[in-house]
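Worksheet: the structure to be examined is printed underneath.
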Amino acid sequence: MKSPLLSLPGAVAAEGRDEGVAAHYGDLFREQRALADGHGFVDLSHRGVVAVTGDDRLSWLHLLVTQHMTDLAPGQATEALILSANGHIEHALYLVDDGATVWAHVEPGTREELVAYLESMKFFYRVEVADRTDDFAVVHLPAGSIAEVPEGAVVRETPHGRDLFLPRADLESVAGSHGPAAGVLAYEALRVEAHRPRLGFETDHRTIPHEVGLIGSAVHLQKGCYRGQETVARVQNLGKPPRRLVFLHLDGSEVLLPGHGTPIRLAADGEEGRQLGFVTSSVRHHELGPIALALVKRNVPVDAPLVAGTTAAAQETVVEP
């Protein structure tokens with residue numbers, strides 16, 4: 001779904017998973033600095049929007065997701081995962097209840113599968129599931145923004161800013177009153193700086209929540225059973241995850257960033273060394289320079305110099321070994 005905001009001056013279209021919105025509007029670092037200072041907005045209208053209504057919506061979701069949902073107050077933001085039977089992450093939902101509807105935004109390309117799964121689990125519960133992506137779009141206002149929320153928008157407020165679910169027809173009017181616009185590359189740079197994992201980037205088909213630091217924020221450990229809960233409890237109580245998320249400071253003299261999937265090795269072993277992990281996200285930050293997130297084997301020493309492909313990388317711990 002192509003955003004009408006791609007017609008704004010300077011807009012350069014994003015590619016890959018974020019296709020459909022602007023990567024930037026001509027000045028990546030200016031856009032980052034504006035967001036960091038609480039100014040502007042980010043068009044996230046390529047993300048899927050799913051709504052759940054009905055009297056049983058919270059208790060029903062409580063049975064399906066990793067988060068405690070039964071006591072979710074109107075206006076309270078939360079996030080949750082849907083796991084496989086083996087505890088691997090399948091979906092990530094960013095949620096808020098407005099008193100009548102639970103709204104969720106999800107990764108591009110995942111909404112159809114998510115809605116199909118939710119529909120299959122309705123049974124006799126009083127719930128209705130709807131894909132509202134054609135009617136509603138997500139816009140992000142950064143932390144510290146004092147911009148007014150458009151009438152009719154549902155607000156999901158977090159420490160990182162406010163996600164607005166607003167009628168898709170209002171996108172262009174928001175651009176006229178909430179500028180300057182920032183592209184998804186600026187949003188991604190602040191996400192990586194904050195060590196926040198993203199489905200399909202920091203996760204693969206075998207990722208469990210412990211590996212990427214989602215215990216607590218998206219996984220509640222004192223709730224009832226849900227699919228994959230046995231794996232979560234077993235790793236939490238008896239073991240350690242096989243991999244861990246790390247934050248990397250990359251060599252700033254390199255022209256190209258190591259892309260998603262670039263092998264991680266010990267710097268002492270060089271390019272011929274054993275692969276110990278891979279880059280998940282890499283960005284250029286307006287203050288920190290080139291940075292990245294990566295998944296590495298749990299037993300990689302926390303102080304070991306690494307190399308991402310051919311790029312030297314110094315690690316910071318995100319998930320403890």
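For the numbers below, each heavy atom of this structure counts, side chains included, while hydrogens, waters and symmetry mates do not. As the structure is a prediction and not an experimental result, all values here were calculated from the model.
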Side-chain touch D43/V21, heavy atoms, less than 4.5 angstrom: yes
Within-4.5 Å side-chain heavy-atom neighbours: K240 and E211: no
Can you sort out the partners of H260 under side-chain hydrogen bond (donor to acceptor under 3.5 Å, both in side chains), two or more places apart, ordered by chain and number? none
Does E230 have any side-chain hydrogen bond (donor to acceptor under 3.5 Å, both in side chains) partners at least two apart in sequence or in another chain, and if so, which? none
Criterion side chain to side chain contact (heavy atoms under 4.5 Å, CB included) on W60 and R126, from CA distance to verdict: CA-CA 9 Å; W60 176 70; R126 296 171 296 173; over 6 Å; no
Given the rule that I, L, V, M, F, W and Y join up when any side-chain heavy atoms are under 4.5 Å apart, are V139 and Y25 in one cluster? yes
Linking I/L/V/M/F/W/Y whenever their side-chain heavy atoms sit closer than 4.5 Å, directly or via other members, would V115 and V52 fall into one cluster? yes
Plane angle bin for H195 and F247 - parallel if under 30°, tilted between 30 and 60°, otherwise perpendicular: tilted
Hey, could you give me each pair passing side chain to side chain donor-acceptor pair (under 3.5 Å) that has a residue in residues 261-270? Not counting sequence neighbours. none
For [Y], is there an ion pair with [X] - N to carboxylate O distance below 4.0 angstrom?
X	Y	result
D56	K122	no
D204	R243	yes
E107	R198	yes
R17	E188	no
E320	R244	no
D135	R168	no

Donor-acceptor pair, side chain of [X] and main chain of [Y], under 3.5 angstrom:
X	Y	result
Q67	E79	yes
Q32	E287	no
D18	A14	no
K223	V65	yes
R206	H88	no
R47	T133	no
E113	T110	no

Test applied, side-chain hydrogen bond (donor to acceptor under 3.5 Å, both in side chains); reference residue, D97; option that passes from R156, R57, Q76: R57
With no hydrogens and no angle check, just 3.5 Å: does a side-chain donor-acceptor pair link [X] and [Y]?
X	Y	result
E202	S281	yes
T311	D251	no
S84	N86	no
E193	H285	yes

Do W103 and F136 have their ring centres less than 6.0 Å from each other? yes
Are H140 and F41, when compared by the centres of their aromatic rings, separated by less than 6.0 Å? no
Step through the shown structure and confirm whether more than 12 heavy atoms of other residues, nucleotides or ligands are within 6.0 Å of CD on E316. yes
More than 12 non-hydrogen atoms from neighbouring residues, nucleotides or ligands closer than 6.0 Å to OH on Y125, yes or no? no
Determine, step by step, whether R227 and L83 satisfy the side chain to side chain contact (heavy atoms under 4.5 Å, CB included) criterion, reporting the C-alpha distance in whole Å, the side-chain angles of both residues, the deciding distance to 0.1 Å, and the verdict. CA-CA 6 Å; R227 192 173 69 176; L83 306 180; 5.7 Å; no
Go through the steps for L164 and V174 under the test side chain to side chain contact (heavy atoms under 4.5 Å, CB included), then give the verdict. CA-CA 11 Å; L164 310 183; V174 167; 5.8 Å; no
